[in-house]
Asks: 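Sharing a structure with you now.
All values below were derived from every heavy atom in this structure, side-chain atoms included, with hydrogens, water molecules and symmetry-related copies excluded. So that the names make sense, note that chain A is the first sequence line, chain B the second, and so on, each numbered from 1.
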Amino acid sequence: MIYRDAHHHRVSLYHFLLLAGSRIKPLQQVHCQIITSGKTTSLPLVTKLLTSACAAKAIIYTRQLLFSIPNPDSFLFSSLIKTSTKHSFPRDSLVFYRHMVHCNVECSNHALTAVIKACASLSDLGAGKNVHCHVIVFGYGLDLFVQAALVSFYAKCNELDVARKVFDEMPQRTLVAWNSMISGYEQNGLADEAIKLFNCMRDSGVEFDSVTMVSVLSACSQLGALGLGQWIHEYVNRNGLYVNATIGTSLINMYGRCGDVIKAREVFESLNQQNVITWTAMISAYGMHGYGKEAMEIFHLMKLHGQSPNAVTFVAVLSACAHAGLVSEGRLAYASMIQNYQITPRIEHHVSMVDMLGRAGLLNEAYQHIQDMNPIKPTAAVWTAMLGACKMHKNITLGVVAAENLLAIEPHHPGHFVLISNIYAMAGQMDRVEMVRNVMIQKGLKKQVGYATIEVDKKTYLFSMADTSHPETDTIYRYLDELIERCREVGYTPAFESVMHEVEEEERVHALRYHSEKLALAFGLLRTEEGSIIRIVKNLRVCEDCHIAFKFISVVTKRKIIVRDKLRFHHFEDGSCSCLDYW
DNA sequence: CTAGGGTTAG
């Protein structure tokens, strides 16, 4: 039978399928034509019909159709497995793969990479290991595509050692394999490993691409490795590479999280293409530095440009408001999110709201917000924000309520015990402080190890509390003692409150004086040019005493000091901090 | 007739 389209051209059924695209009604019409013209055994036709139906999200139809085909071939299966993962039916990919094995259809590297990708998107380690066995049995163990897929699969399942083993055993490492391994480390928070491997890649003479750079920039953001991040940016400029939205976002985020928000803005302004992600990254960069006004300006500009904010944008906006004390702006944004953009608040939005209200001293309102979150259950992050605000405004009653809720949710988190202990100490209930400490000892909980990093000459140095591992330890400690003395002369007195939880009395003074961020600062001051900016990254929140000391140190050394802590940035200059002690 | 692995904001 010959079919004609609207223009009376002769067209094939295959062409009709192409015209139907991924619309289910036209696809079913073509399906009827396939049946009536007796073409149901034409595998190219049926394959196209199947993958199109899958793309149309008609997964039940797709499934029924597949099981009605008498002789599906290898190509049909691999296409279908790939398509169903792509359109978020990874479970069906596994079903189709099992059916393929069951039908004794010859396996292919296409089918295997597709099903491994499905396992990765499900983070289903067991299923993936099972497929890995098939890979070996079917003789695809040395296939470069399959191996790269396995590397990213194991990395996705947090099995980095296994991923690395597969990677190391590859006869040749393709660019994609390097990228999978580097991104695997970065995604699992092992930024230093990612950078190590990147250096290894360069040493092996392998050319990297923009995907590599995105992962490495992300690793730089985690570590605050501004030098390496700048190197990547220079590389992009030197080679005249086009900065698309993805690499642009990575650069904005890197500069923002490495403390150079001016440079982040420069990159943002230079972009030819902006999307919701680039706008959000810029808002977030301003927000974490406490530049609330600038963050809101970008937010308004974004809307003027016709770009709709999404749920993530509002997390950035609300968090910017929280860090800058912009309560009325934050309230307006929250209301607008619900009313104008039909975005249902998620837990992250609630955390920011509680944080914003709480920091501003509106503790009852913050508490009420938690009560009104229904049906969403408050998480540890919500109570941590509440507790932090109670500590800031010395509200012991609500602080204890927050603390008890926090402990009920995460009874083994050492950081919570420290916060709770601080609340009791503030209330003068030293018996309770003692009790909390005993529970910690009893549960075998150790305080989280605080550490600070600083980059000097493109190399990152890590310091932990009372660290003596550095070869220049003596010089650093002597210089730090001298600095503290000079600060004392101009009015600094140590704030002991932040070491209330240290186990032994004599450890307090010592711990305070040799906190990781102080060691990193002393090292940085010794090893960098007079007048240059010092940048430090701390894994936990900066402690009260270090915060006070750094203000004095910025005066006596005439240096600008930028510290990124767990939550935000602090810019110390001429004796004050950009957070205005509002952190 | 038909295809494949990796990456981006809180």
Side-chain angles (χ1 to χ4, degrees), chain A residues 12-15 17-18 42-52 73-83 85-86 108-117 120 140 143-153 155-156 163 166-167 170 173-184 186-187 194 208-219 221 243-254 256-257 264 268 274-285 287-288 309-320 322 346-349 351-352 355 381 567-568:
Chain A
S12 64
L13 281 170
Y14 196 86
H15 190 74
L17 278 173
L18 292 179
S42 163
L43 283 175
L45 273 182
V46 174
T47 303
K48 189 70 192 163
L49 176 62
L50 267 173
T51 54
S52 301
D73 66 353
S74 173
F75 181 79
L76 183 147
F77 275 114
S78 56
S79 302
L80 186 56
I81 294 166
K82 179 191 162 279
T83 316
T85 301
K86 187 176 165 193
S108 66
N109 58 352
H110 293 271
L112 288 167
T113 49
V115 74
I116 292 165
K117 202 179 146 91
Y140 288 95
D143 183 285
L144 294 174
F145 290 105
V146 172
Q147 285 176 316
L150 283 170
V151 169
S152 81
F153 159 73
K156 183 77 198 302
V166 176
F167 176 78
M170 289 181 76
R173 294 161 182 183
T174 56
L175 172 61
V176 176
W178 283 100
N179 286 346
S180 303
M181 197 64 232
I182 291 172
S183 110
E186 181 272 310
Q187 298 273 316
F208 56 87
D209 68 355
S210 66
V211 176
T212 327
M213 292 192 281
V214 167
S215 293
V216 174
L217 286 170
S218 214
S221 306
V243 179
N244 64 16
T246 306
I247 195 97
T249 305
S250 300
L251 285 168
I252 293 168
N253 188 44
M254 183 279 292
R257 295 190 50 184
F268 178 76
Q274 279 149 336
N275 61 25
V276 62
I277 308 178
T278 57
W279 287 102
T280 303
M282 195 62 236
I283 293 169
S284 154
M288 66 182 126
N310 65 16
V312 182
T313 313
F314 279 104
V315 174
V317 168
L318 295 176
S319 148
R346 301 201 301 230
I347 190 70
E348 297 94 324
H349 301 111
V351 173
S352 286
D355 197 21
L567 289 182
R568 62 166 295 158

Asks: Please examine the side chains of A/H110 and A/K82, heavy atoms only from C-beta on, and report whether any two atoms are closer than 4.5 Å.
Replies: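 Counting from C-beta outward, A/K82 and A/H110 never come under 4.5 Å.
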
Asks: For nucleotides 2-7 of chain B, give me one character per nucleotide, 5' to 3': B if any protein heavy atom sits under 4.0 Å from the base, S if the only such contacts are to the sugar-phosphate, - if neither.
Replies: BBBBBB

Asks: Decide if atom NZ of A/K156 counts as having more than 12 heavy atoms of other residues, nucleotides or ligands within a radius under 6.0 Å.
Replies: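 Enclosed: over 12 neighbouring heavy atoms sit under 6.0 Å from NZ of A/K156.
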
Asks: Between A/N253 and B/dG10, is there a side-chain N or O to OP1/OP2 distance below 4.0 Å?
Replies: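 Yes, such a contact exists.
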
Asks: Just how far, in rounded Å, is P of B/dA9 from CD of A/E348?
Replies: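 To the nearest whole Å, that distance equals 14 Å.
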
Asks: Rounding to a whole Å, what distance do you find between A/N244:CG and B/dA9:C1'?
Replies: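 So the two atoms are 14 Å apart, to the nearest Å.
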
Asks: Quick check: does any side chain N or O of A/H349 sit under 3.5 Å from a backbone N or O of A/A311, one acting as donor and the other as acceptor?
Replies: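 Present.
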
Asks: Rounding to a whole Å, what distance do you find between A/R568:CZ and B/dG10:P?
Replies: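 Going from CZ in A/R568 over to P in B/dG10 covers 16 Å.
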
Asks: Out of A/V166, A/L112, A/T113, which residue meets the side chain to side chain contact (heavy atoms under 4.5 Å, CB included) rule with A/L150?
Replies: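 Of the listed residues A/V166, A/L112, A/T113, the side chain to side chain contact (heavy atoms under 4.5 Å, CB included) partner of A/L150 is A/V166.
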
Asks: Mind checking what makes side-chain hydrogen bond (donor to acceptor under 3.5 Å, both in side chains) contact with A/N244, not counting sequence neighbours?
Replies: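 Once residues adjacent in sequence are excluded, A/N244 has no partner under the side-chain hydrogen bond (donor to acceptor under 3.5 Å, both in side chains) criterion.
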
Asks: What integer distance in Å separates A/L13:CG from B/dC1:C1'?
Replies: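 Value for this atom pair: 13 Å.
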
Asks: So A/T313 and A/N310, side chain to side chain donor-acceptor pair (under 3.5 Å) or not? Walk me through it.
Replies: CA-CA 5 Å; A/T313 313; A/N310 65 16; 3.0 Å; yes

